[in-house]
Amino acid sequence: EVQLVESGGGLVKPGGSLRLSCAASGFSFSSYSMNWVRQAPGKGLEWVSSISTTSDYRYYADSLKGRFTISRDNAKNSLYLQMNSLRAEDTAVYYCARDAGYCSGGSCSLAAFDIWGQGTMVTVSS
Amino acid sequence: QSALTQPASVSGSPGQSITISCTGTSSDVGDYNYVSWYQQHPGKAPKLMIYDVSNRPSGVSNRFSGSKSGNTASLTISGLQAEDEADYYCNSYTSSSTVVFGGGTKLTVL
């Protein structure tokens, strides 16, 4: 079964750090770009970051201002998000999502997230 | 990196058709055919419904269709069913190689 399972969420004080993990199974993890997407309570989806298959390319939402770092370990089929200097506004469910990369006629899709984890809750509060 | 603009809510009766719009800029929706749509039921992870403006992943009902004109993409759901009631989000690839989501639209089936 194709699956993504996030872990590492929890309660952290403002200014603290947290490292999220996403374990992939059932597919060739190293062949797909991966993403983190978050959703604050009662709010919409917000893209956080993406990483290419070999980690050569990493992109972040402007709002993060360098506080988050995305990484992956293809040997361990795992995706990570290191979050530093956490703020109350970072409180959200964090999802990892696979970029489907549907290909046809020599071109492939972008930003089509076909597999999502169940999410892990991060609460930033004193 | 402003969010794409979606109506906050839409509604329709069973059997009817509805359309949800998603308006961006010439740096995202208008410049690329990389617009996707997602369905999210309460407490669940989003589900991909449309990718590359108008393509359906395997297993998604053909009642769901997508289109784009200029800076605005649209999702149409025909033959509305009770189980279509959910939140819907669009996203787009951008000229900065990032991704931007819409604010989301709550669909109510009357």
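Residue numbering restarts at 1 for every chain, and letters A, B, ... go by the order of the sequence lines.
Note on A:M34: it clusters hydrophobically with A:L81, by side-chain heavy-atom contacts below 4.5 Å among ILVMFWY residues. Under a hydrophobic-cluster definition in which Ile, Leu, Val, Met, Phe, Trp and Tyr are linked whenever side-chain heavy atoms come within less than 4.5 Å, directly or via other members, B:W37 and B:Y51 are assigned to different clusters. In the hydrophobic clustering of ILVMFWY residues, with side-chain heavy atoms under 4.5 Å counting as a link, A:M121 and A:L11 come out apart. Clustering ILVMFWY residues whenever any of their side-chain heavy atoms sit less than 4.5 angstrom apart, transitively, puts B:I50 in the very cluster that holds B:I77. Grouping the Ile, Leu, Val, Met, Phe, Trp and Tyr side chains by contacts below 4.5 angstrom, directly or via other members, places A:V122 apart from A:L45.
For A:V37, the part lying near chain B is the side chain, with the backbone staying farther off; criterion is any non-hydrogen pair under 4.5 Å. Only the backbone of A:Y60 comes within contact range of chain B, with heavy atoms under 4.5 Å apart. With a 4.5 Å cut-off on non-hydrogen atoms, B:Y89 touches chain A through its side chain but not through its backbone. Using a 4.5 Å cut-off between heavy atoms, A:F113 contacts chain B through both its backbone and its side chain. Neither the backbone nor the side chain of A:A97 comes within less than 4.5 Å of any heavy atom in chain B. For chain A, no part of B:T94 is nearby; none of its heavy atoms comes within less than 4.5 Å. Neither the backbone nor the side chain of B:Q6 comes within contact range of chain A; no heavy atom of the residue lies under 4.5 Å from a heavy atom of that chain.
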Derivation of the side chain to side chain contact (heavy atoms under 4.5 Å, CB included) call for A:Q39 and B:Q40:
CA-CA 12 Å; A:Q39 186 169 34; B:Q40 186 180 35; 2.9 Å; yes
Walk me through it: do A:L110 and B:Y32 pass the test side chain to side chain contact (heavy atoms under 4.5 Å, CB included)?
CA-CA 10 Å; A:L110 291 171; B:Y32 300 96; over 6 Å; no
Do B:L48 and A:Y102 pass the side chain to side chain contact (heavy atoms under 4.5 Å, CB included) test, and can you show the C-alpha distance, the side-chain angles, and the key distance before you say yes or no?
CA-CA 12 Å; B:L48 179 65; A:Y102 296 111; 3.8 Å; yes
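For the set A:G117, A:S104, A:S109, A:S49, the entry with the most heavy-atom pairs within less than 4.5 Å of chain B is A:S109. When each of A:S50, A:A100, A:G119, A:A61 is checked for heavy-atom pairs under 4.5 Å with chain B, A:A61 comes out on top.
Side chains of B:Y38 and A:W116 form a contact here, defined as non-hydrogen atoms less than 4.5 Å apart. Using a 4.5 Å cut-off on side-chain heavy atoms (C-beta onward), A:D114 and B:P57 make no contact. Side-chain contact between B:S96 and A:Y59 is absent, with no heavy atoms from C-beta onward closer than 4.5 Å.
Taking every heavy atom of both residues into account, A:A111 and B:S92 meet most closely at CB-C, 4.4 Å. Residues B:S36 and A:A112 come closest through the heavy atom pair OG-CA, 3.5 Å.
Taken from CG in A:D62 to OG1 in B:T98, the straight-line distance is 7.0 Å, to the nearest 0.5 Å. Note that the OG atom of A:S107 and the CG atom of B:D52 stand 7.5 Å from one another [nearest 0.5 Å].
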